[in-house]
Amino acid sequence: MSVRIRLMTCGWLETGLGMLFAGGEGRVRLPIPSVLIEHPKGIAVFDTGLHAELAHDTSRLRSSQELFDVHMVSDDALGAQLQRLDVDPASVNFVINSHLHFDHCGGNEALPNATLVVQQPEWQAGHMDKLIARDVYSPADFDFGQPVQLLQGEHDVFGDGSVRCIPTYGHTAGHQSLVVRTDTTEYVFCADTCYFKATLEQSVLPSFGYDLQAQAGVLDTLRGLQAAGATLIFGHDPDQWPTLGTELH
Ligand SMILES: [Zn+2]
């Protein structure tokens with residue numbers, strides 16, 4: 001029995017490239033990915049995209065409204081996407097958040113029976129008053145009272161090594177990436193530890209981050225996984241993402 005990986009695009013965000021790629025100029029449109037993982041032992045979703053409300057009202061972004069233009073329709077929201085794929089959102093067992101920025105956890109609300117799988121330092125940071133006051137995090141995006149499984153480092157989601165959380169702290173205090181192995185390929189969903197292919201190839205980090213030195217070390221880890229044969233899926237790469245289609249094998 002193998003793992004099935006399907007890709008969903010939960011809208012797009014537009015912002016200044018320089019924020020995500022130091023020295024970059026102009027605007028960039030960022031795909032907002034969510035990944036459906038169907039394993040013989042259960043269903044997981046890795047990152048949940050933008051909150052459905054953002055399709056018609058961006059006020060929940062507070063000060064981040066000034067940084068991002070939202071390009072989203074109601075059908076882009078996670079719940080609608082799952083229904084189109086004939087997957088009942090209530091049947092999802094695990095929601096794995098790479099981290100708790102608004103464009104990675106906005107669809108958590110759509111998965112009422114899922115256990116949240118998140119790194120402990122990320123959960124802690126997401127509830128810190130000073131970070132909430134600065135609009136870095138908003139528990140209204142990610143905390144809907146589901147059970148929470150707090151991780152401290154690596155975690156094997158289904159116990160057979162096919163779906164593994166790996167800590168990639170740096171972009172945020174407790175960022176994690178996801179390694180998924182199919183019959184033929186090992187994929188690494190980098191999320192925001194590596195926005196673009198160019199981030200890795202040119203070693204250009206964003207102009208902001210929790211610990212950019214740690215993030216630079218993570219890029220070395222990703223290079224090692226790539227050298228060992230893994231395929232890296234970058235976090236918001238507008239060139240790579242559309243080439244991937246809707247399913248990975
Ligand atoms: Zn982020």
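None of the values given here were measured: they were computed from a predicted structure.
Under the 4.5 Å side-chain criterion, counting only non-hydrogen atoms from C-beta, Ile5 is not in contact with Leu36. Counting only heavy atoms from C-beta outward, the side chains of Leu54 and Arg60 approach each other to under 4.5 Å. Between Asp192 and Ser98 there is no side-chain heavy-atom pair separated by less than 4.5 Å. Using a 4.5 Å cut-off on side-chain heavy atoms (C-beta onward), Trp241 and Pro33 make contact. A 4.5 Å side-chain heavy-atom check between Cys165 and Leu151 finds at least one atom pair inside the cut-off. Counting only heavy atoms from C-beta outward, the side chains of Glu154 and Pro167 approach each other to under 4.5 Å. You'll find the side chain of Pro238 reaches within 4.5 Å of the side chain of Phe196, heavy atoms only. In this structure the side chain of Glu38 reaches within 4.5 angstrom of the side chain of Val87, judged on heavy atoms.
A donor-acceptor pair shorter than 3.5 Å can be found between the side chains of Glu14 and His71. Donor-acceptor pairing under 3.5 Å is recorded for the side chains of Asn108 and Thr48. Between the side chains of Arg164 and Ser177, no donor N or O sits under 3.5 Å from an acceptor N or O. Donor-acceptor pairing under 3.5 Å is recorded for the side chains of Glu122 and Thr172. A side-chain N or O of Thr58 and one of Gln65 form a donor-acceptor pair less than 3.5 Å apart. Side-chain contact of Asp135 with Ser64: a donor-acceptor pair under 3.5 Å is absent, judged by distance alone. A donor-acceptor contact closer than 3.5 angstrom is absent between the side chains of Asn97 and His104.
Classified by interplanar angle (parallel below 30°, tilted 30° to 60°, perpendicular above 60°), the ring pair His127/Phe142 is perpendicular. The aromatic rings of Phe144 and His51 are tilted relative to each other, their planes meeting at an angle between 30° and 60°. Using a 30° and 60° split on the angle between ring planes, Tyr195 and His236 fall in the tilted class, from 30° to 60°.
Under the 4.5 Å side-chain contact rule for hydrophobic residues, Leu67 and Val70 share a cluster. Following chains of ILVMFWY side-chain contacts shorter than 4.5 Å, one cannot reach Val204 starting from Leu232, and the two form parts of different hydrophobic clusters. No continuous path of hydrophobic side-chain contacts links Leu116 to Ile96 [ILVMFWY only; heavy atoms under 4.5 Å]. Val95 is not connected to Val35 by any chain of hydrophobic side-chain contacts under 4.5 Å among Ile, Leu, Val, Met, Phe, Trp and Tyr, and they are in different clusters. Linking Ile, Leu, Val, Met, Phe, Trp and Tyr residues whenever their side-chain heavy atoms come within less than 4.5 Å leaves Leu30 and Phe234 in two separate clusters.
The structure places CG of Leu205 at 5.5 Å from CG of Leu219, a figure rounded to the nearest 0.5 Å. For the atom pair Leu222 CG and Thr168 OG1, the distance stands at 7.0 Å (nearest 0.5 Å). Leu50 CG to Leu78 CG: the interatomic distance, rounded to the nearest 0.5 Å, is 10.5 Å. One distance of note links CG of Leu131 with CD of Gln124; it measures 10.5 Å at 0.5 Å rounding. With rounding to the nearest 0.5 Å, the separation of CG in Leu248 from CG in Leu7 is 4.5 Å. Interatomic distance, Arg134 CZ to Ser63 OG, rounded to the nearest 0.5 Å: 10.0 Å.
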Check against side chain to side chain contact (heavy atoms under 4.5 Å, CB included), Arg84 and Asp75: CA-CA 9 Å; Arg84 270 204 305 285; Asp75 275 354; 3.5 Å; yes
Using side chain to side chain contact (heavy atoms under 4.5 Å, CB included), reason through Arg62 and Ser138 one step at a time and then give a plain yes or no. CA-CA 10 Å; Arg62 300 171 303 183; Ser138 171; 3.2 Å; yes
Show the numbers, then the answer: is there a side chain to side chain contact (heavy atoms under 4.5 Å, CB included) between Val188 and Leu178? CA-CA 6 Å; Val188 181; Leu178 194 75; over 6 Å; no
Tell me, with the steps shown, if Ser162 and Val180 meet side chain to side chain contact (heavy atoms under 4.5 Å, CB included). CA-CA 6 Å; Ser162 62; Val180 184; over 6 Å; no
Please determine whether side chain to side chain donor-acceptor pair (under 3.5 Å) holds for the pair Ser34 and Arg6, giving the CA-CA distance in whole Å, both sets of side-chain angles, and the decisive distance to 0.1 Å. CA-CA 9 Å; Ser34 177; Arg6 290 194 275 178; over 6 Å; no
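A donor-acceptor pair is defined here as one N or O able to donate and one able to accept, closer than 3.5 Å; such a pair exists between the side chain of Gln176 and the backbone of Val117. Side-chain atoms of Gln81 come within 3.5 Å of backbone N or O of Asp76 as a donor-acceptor pair. At distances below 3.5 Å, at least one donor-acceptor pair connects side-chain atoms of Tyr187 with backbone N or O atoms of His249. Although no hydrogens or angles enter the test, the distance criterion places no donor-acceptor pair under 3.5 Å between the side chain of Thr9 and the main chain of Gly11. The backbone N or O of Ile43 sits less than 3.5 Å from a side-chain atom of Asn93, completing a donor-acceptor pair. A donor-acceptor distance shorter than 3.5 angstrom exists from the side chain of Gln119 to the backbone of Gly153, with no hydrogens or angles considered. Glu109 places no side-chain N or O within 3.5 Å of a backbone atom of Asp141 that could act as its donor or acceptor partner. In this structure, the side chain of Thr193 does not engage the main chain of Cys190 through any donor-acceptor pair within 3.5 Å. Remark: the backbone N or O of Ala90 is paired with a side-chain donor or acceptor of Asp88 at under 3.5 angstrom. Distance alone, capped at 3.5 Å, places no donor-acceptor pair between the Glu25 side chain and the Gly16 backbone.
Within 6.0 Å of CG in Asp220 there are more than 12 heavy atoms belonging to other residues, nucleotides or ligands.
Nearest heavy atoms, Gly79 versus Pro89: O-CG, 4.1 Å. For Met8 against Leu82, the heavy-atom pair with the smallest separation is SD-CD2, 3.9 Å.
In this structure, the ring of His175 has its center no less than 6.0 angstrom from the ring center of Tyr210. Side-chain rings of Phe68 and Phe102 approach one another, their centers coming within less than 6.0 Å. Taking the six-membered ring for Trp, Phe158 and His39 have ring centres closer than 6.0 Å.
Contacts classified as salt bridge (Lys or Arg N to Asp or Glu O under 4.0 Å) and involving residues 226-249 (residues at least two apart or in different chains) are given here: Arg4-Glu247.
Between Asp69 and Arg27 there is a salt bridge, with a side-chain nitrogen of the basic residue lying less than 4.0 Å from a carboxylate oxygen of the acidic one.
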